[in-house]
There are 2 protein chains.
Amino acid sequence: MFAGCADHTPLPVRVGDKWTAKILVCLRDGPRRFSELRVPLAPITPKVLTGPLRAVERDGLVTRTARPGIPPRVEYALTPRGRSLFAPLAVACAWNAAHGAELRAVRAANGGR
Amino acid sequence: MFAGCADHTPLPVRVGDKWTAKILVCLRDGPRRFSELRVPLAPITPKVLTGPLRAVERDGLVTRTARPGIPPRVEYALTPRGRSLFAPLAVACAWNAAHGAELRAVRAANGGR
DNA sequence: CAGTATCCGAAACGATACTG
DNA sequence: CAGTATCGTTTCGGATACTG
């Protein structure tokens, strides 16, 4: 049905969840450290951030680089594959720009559950 | 961050879940009845199908038309707004065709949790 | 036929606290 | 700083059974 997709989701990677896409966007302009990611994603907790971060790392969308020393310093950076996801993401945002407001109006009118 | 989006998801509508996008695809070639949807979506249960179906109806992506009579006959059909979602969906599928296999290989190598 | 009613389990999200 | 450990809540998906 969705050629090439795992059969249980339309999208191949975990970008439909609450945080993953935002994480990728935060890394768009360069590597960021764990705590640097927490700022734009506030009020995300460390535990919640860790989940999707491990997932994108496992999927080769982001690299994790730990530099030894005190204090510890860990940098997250997009891979080319991670960067390639911005294309579908941009199209989703374009749909939003075109239809989002209207959709939310209809949803509210129908009882925005 | 995602212009025009609800703040809790990158995508505006519920297409990141397991069934919604598949439902839209099933309606692509014309209206379908409840039971007709269950066939390509097997082994979905009626209760599970009802959830996303009510959501897309509430969001104006699909219309629900009940014809009186015995047996009951209910038809679901895409609206123009629902149809417009195929554009972003197609781009997601294209990403899959280009990167999906590689991604699943990496994921499996890293312990496909 | 087109659903609804119950009950269940898994996963995501979240608050709070603690550690190398 | 960069996490992990616990605990609790909510949501999704699913199995089974029942109804207008």
Side-chain angles (χ1 to χ4, degrees), chain A residues 1 5-11 13-24 26-27 31-59 62-77 107 111-113, chain B residues 1 6-11 13-23 26-27 31-59 62-77 107 111-113:
Chain A
M1 174 173 293
C5 291
D7 69 335
H8 63 295
T9 26
L11 271 9
V13 285
R14 182 172 153 163
V15 284
D17 71 354
K18 186 169 176 177
W19 297 108
T20 300
K22 296 181 206 273
I23 290 171
L24 298 179
C26 288
L27 294 174
R32 294 285 182 268
R33 306 205 322 273
F34 191 83
S35 290
E36 288 177 325
L37 285 173
R38 293 190 60 187
V39 175
L41 299 177
I44 197 172
T45 63
K47 185 229 171 195
V48 171
L49 177 55
T50 300
L53 220 34
R54 292 285 179 271
V56 290
E57 187 192 351
R58 178 203 61 194
D59 289 349
V62 162
T63 56
R64 178 183 179 278
T65 311
R67 249 178 269 281
I70 301 284
R73 196 165 242 269
V74 177
E75 272 192 355
Y76 293 90
R107 180 182 294 179
R113 284 144 288 183
Chain B
M1 174 172 295
D7 69 335
H8 63 297
T9 26
L11 271 9
V13 286
R14 181 172 156 165
V15 284
D17 71 353
K18 185 169 177 177
W19 297 109
T20 300
K22 296 179 205 276
I23 290 171
C26 289
L27 294 174
R32 295 284 182 267
R33 306 205 322 273
F34 190 83
S35 290
E36 289 178 325
L37 285 173
R38 292 191 62 189
V39 175
L41 298 177
I44 197 172
T45 64
K47 185 231 171 196
V48 171
L49 177 54
T50 300
L53 220 35
R54 292 283 179 273
V56 291
E57 187 192 350
R58 176 203 62 194
D59 288 349
V62 161
T63 56
R64 176 183 181 278
T65 310
R67 249 178 268 279
I70 299 283
R73 197 164 241 266
V74 178
E75 272 193 354
Y76 293 92
R107 179 183 293 179
R113 283 144 289 184

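A note on names: the letters A, B, ... follow the listed sequences, proteins ahead of strands, and every chain is numbered from 1.
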A.B. asks: L24(A) versus V15(A): any side-chain heavy-atom pair under 4.5 Å?
C.D. replies: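 They are in contact (side-chain heavy atoms under 4.5 Å apart), so the answer is yes.
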
A.B. asks: Can you tell me if R54(A) touches the phosphate of dA2(D), counting only side-chain N or O atoms and a distance under 4.0 Å to OP1 or OP2?
C.D. replies: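 For dA2(D), neither OP1 nor OP2 has a side-chain N or O of R54(A) closer than 4.0 Å.
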
A.B. asks: Nearest whole angstrom, please: distance from the P of dA12(C) to the CG of D17(A).
C.D. replies: 8 Å

A.B. asks: I'd like to know whether L53(A) forms a side-chain contact (heavy atoms from CB on, under 4.5 Å) with F34(A), so could you lay out the CA-CA distance, the side-chain angles of the two residues, the decisive distance to 0.1 Å, and finally the verdict.
C.D. replies: CA-CA 9 Å; L53(A) 220 34; F34(A) 191 83; 3.9 Å; yes

A.B. asks: So, does S35(B) get its side chain near the phosphate of dA2(C), meaning an N or O under 4.0 Å from OP1 or OP2?
C.D. replies: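 Looking at the OP1 and OP2 atoms of dA2(C), one of them is under 4.0 Å from a side-chain N or O of S35(B).
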
A.B. asks: To the nearest angstrom, how far is F34(B) atom CZ from dC1(C) atom P?
C.D. replies: 12 Å

A.B. asks: In whole Å, what is the span from the CD1 atom of I44(A) to the P atom of dC13(C)?
C.D. replies: 8 Å

A.B. asks: Is T50(A) close enough to dA2(D) that one of its side-chain N or O atoms is under 4.0 Å from OP1 or OP2 there?
C.D. replies: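 No.
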
A.B. asks: Select from P52(A) and P72(A) the residue whose nearest nucleotide in DNA chain C is closer to the 5' end of that strand.
C.D. replies: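 Checking each residue's closest nucleotide, the 5'-ward one belongs to P52(A).
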
A.B. asks: Please confirm whether the shortest side-chain N or O distance from Y76(B) to OP1 or OP2 of dC1(C) is below 4.0 Å.
C.D. replies: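 No.
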
A.B. asks: R73(B) or T45(A): which one's nearest nucleotide on DNA chain C is closer to the 5' end?
C.D. replies: R73(B)

A.B. asks: Is the distance from OP1 or OP2 of dA2(D) to the nearest side-chain N or O of R67(A) less than 4.0 Å?
C.D. replies: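 Indeed not, no polar side-chain atom of R67(A) lies that close.
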
A.B. asks: Considering all heavy atoms of both residues, which atom of Y76(B) and which atom of L27(B) are nearest to each other, and what is their separation?
C.D. replies: O-CD2, 3.4 Å

A.B. asks: Between the base of dG14(C) and the side chain of K47(A), is one N or O donor paired with an acceptor at under 3.5 angstrom?
C.D. replies: yes

A.B. asks: Could you tell me how far apart E75(A) (CD) and dC1(D) (P) are, to the nearest whole angstrom?
C.D. replies: 15 Å

A.B. asks: Nearest whole angstrom, please: distance from the P of dG13(D) to the CG of L41(B).
C.D. replies: 12 Å

A.B. asks: Between dT19(C) atom P and I70(A) atom CD1, what is the distance in whole Å?
C.D. replies: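 I70(A) atom CD1 is separated from dT19(C) atom P by 17 Å.
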
A.B. asks: Mind calculating the distance between CG (L49(B)) and C1' (dT16(D)) to the nearest angstrom?
C.D. replies: 17 Å

A.B. asks: Restricting to non-hydrogen atoms, name the atom on I23(A) and the atom on L49(A) that form the minimum distance, rounded to 0.1 Å.
C.D. replies: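 Where I23(A) meets L49(A) most closely, the heavy atoms are CD1-CD1, 3.8 Å.
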
A.B. asks: Tell me the partner of dG20(D), counting only Watson-Crick (N1-N3 plus N6-O4 or O6-N4) or G-U wobble (N1-O2 and O6-N3) with both under 3.5 Å; none if nothing fits.
C.D. replies: dC1(C)

A.B. asks: Heavy atoms only, 4.0 Å cut-off, all strands: where does V48(A) land among base, sugar-phosphate and nothing?
C.D. replies: base

A.B. asks: If only side-chain N and O atoms of R64(A) are considered, is one of them under 4.0 Å from the OP1 or OP2 phosphate oxygen of dG3(D)?
C.D. replies: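 It does, given that an N or O in the side chain of R64(A) lies less than 4.0 Å from OP1 or OP2 of dG3(D).
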
A.B. asks: Mind checking who dA11(C) pairs with, Watson-Crick or G-U wobble, both distances under 3.5 Å?
C.D. replies: dT10(D)

A.B. asks: So what does R38(B) touch, heavy atoms closer than 4.0 Å: a base, only the sugar-phosphate, or nothing?
C.D. replies: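 The answer is nothing, as R38(B) stays clear of every strand by at least 4.0 Å.
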
A.B. asks: Check each of R67(B), R32(B), R64(B), R33(B) against E75(B) using the salt bridge (charged side-chain N to carboxylate O under 4.0 Å, His left out) test, and report the only one that passes.
C.D. replies: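 The passing option is R67(B).
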
